Amino acid sequence: MAQNWKQLEKDFIAKIESAEDLNSIENIRIELLGKKGQISSLMTQMKDVPKEDKKEYGMAVNGLKQLTESLIAQKIETLKEKQMLRQLQDDRIDITLPANRGKYGTLHPLTVVQQEIEDIFIGMGYAVVEGPEVELDLYNFERANIPADHPSRDMQDTFYVDVNRLLRTQTTAIQMRVLEKEHDILPIKVVCPGKVYRKDDDDATHSHQFVQVEGLVVGENITLGDLKGSLELLARSMFGNSREIRLRQSYFPFTEPSLEVDVSCHICGGKGCPTCKYTGWIEILGSGMVHPRVLEMANIDSKKYSGFAFGVGVERVAMLKYGVDDIRHFYANNIRFLDTFKRFE
Ligand code: DAH
């Protein structure tokens with residue numbers, strides 16, 4: 001049986017060459033080299049070849065098989081490379097295009113102000129101490145020298161959990177915990193930030209939940225002068241270097257004397273404007289010398305030691321600083337409102 005080997009070889013080469021992708025070369029491989037493929041069938045036909053021609057026939061088929069195998073292997077490599085190039089081309093990234101920066105947030109203005117206040121006092125060697133929001137009546141009121149019949153214990157003002165537990169109404173509760181815990185390792189110098197709760201109706205200046213930062217210093221020879229110096233520094237750091245402070249007599253059960261602190265208006269510099277209600281002064285915090293009874297209740301000798309304390313409303317400071325006219329803006333989570341604080345960071 002005569003075979004035109006040259007022609008067969010040409011046909012095979014042409015076929016392999018024609019493959020355009022990995023799929024088609026696989027089909028061609030099956031067609032030529034598969035079990036039922038052309039080369040297999042040439043092998044089977046060997047039995048009909050006259051004995052004297054078998055050797056030559058066999059060599060020719062084998063030659064053709066080897067050639068086909070190596071050409072197909074080469075072709076597969078070439079096609080793989082082509083495919084990879086095409087993929088790279090398709091996935092190309094133009095690194096010169098402007099980046100899509102995405103949208104990232106900003107610290108909440110109350111967090112910013114709280115951290116600013118903390119930082120001022122950390123710089124003066126104070127430690128930051130937190131406490132539980134669900135607090136014992138003992139620390140929130142009793143130890144703060146707020147007797148059972150005091151108006152601020154009224155159910156109107158306080159969210160009670162049960163008879164002994166409540167949502168703390170003031171971070172003064174943390175001070176009382178610190179006094180108890182550290183009464184024998186004086187001096188104490190702490191700032192106590194945290195959320196507090198009151199049964200208030202929400203309006204532009206009141207919220208049933210707000211944030212306070214309190215400070216407490218107890219040691220030997222702590223005077224009103226120390227208090228004034230610390231508060232002056234606080235006022236200037238928050239509202240500008242040229243601010244003055246003014247102390248007014250006030251009443252808090254846990255301090256004696258008690259003082260309300262005004263800062264000269266940062267908007268008009270003291271001349272009078274709507275923000276300071278034309279007085280030139282803005283009230284920013286409550287403070288005083290720790291009441292001797294509060295020290296005694298914590299087993300601290302009030303003859304030997306004295307202390308001062310103050311409490312700042314974070315929302316109030318933030319409203320004054322950034323000119324926010326409604327406290328409720330801080331809790332509404334309106335992104336457009338919150339975004340405006342990016343420029344302050
Ligand atoms: N606890 C007071 C309040 O919530 C604020 C305050 C006043 C705290 C005087 C103090 C202080 O530590 O000394 O209204």
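This structure is a prediction, so every number in the text was calculated from the model and none was measured. When a residue number appears, it is its place in the shown sequence, counting from 1. Counting starts at 1 for both ligands and their atoms, in listed order.
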Between Gln170, Arg177, Arg168, which is the residue that forms a side-chain hydrogen bond (donor to acceptor under 3.5 Å, both in side chains) with Glu135? Arg177

By the rule that ILVMFWY residues connect when side-chain heavy atoms come within less than 4.5 angstrom, directly or transitively, which residues belong alongside Tyr251? none

NZ-CD1 distance between Lys75 and Ile16, expressed to the nearest 0.5 angstrom: 9.0 Å

Rounded to the nearest 0.5 Å, how far apart are CD of Gln83 and CD1 of Ile76? 12.0 Å

Heavy-atom neighbours of Met59 CE exceed 12 at 6.0 Å: no

Between ligand 1 and the protein, find all N/O pairs closer than 3.5 Å and give the distance for each.
from     : atom 1 : to     : atom 2 : distance (Å)
ligand 1 : 1 (N)  : Gln170 : OE1    : 2.9
ligand 1 : 1 (N)  : Thr172 : OG1    : 2.9
ligand 1 : 1 (N)  : Glu214 : OE2    : 3.4
ligand 1 : 4 (O)  : Arg198 : NH2    : 2.8
ligand 1 : 4 (O)  : Gln212 : NE2    : 2.8
ligand 1 : 12 (O) : Gln175 : NE2    : 3.0
ligand 1 : 12 (O) : Glu214 : OE1    : 2.8
ligand 1 : 12 (O) : Phe310 : O      : 3.4
ligand 1 : 13 (O) : Ala309 : O      : 3.1

Please state whether the rings of Phe254 and Phe252 are parallel, tilted or perpendicular, taking 30° and 60° as the class boundaries. parallel

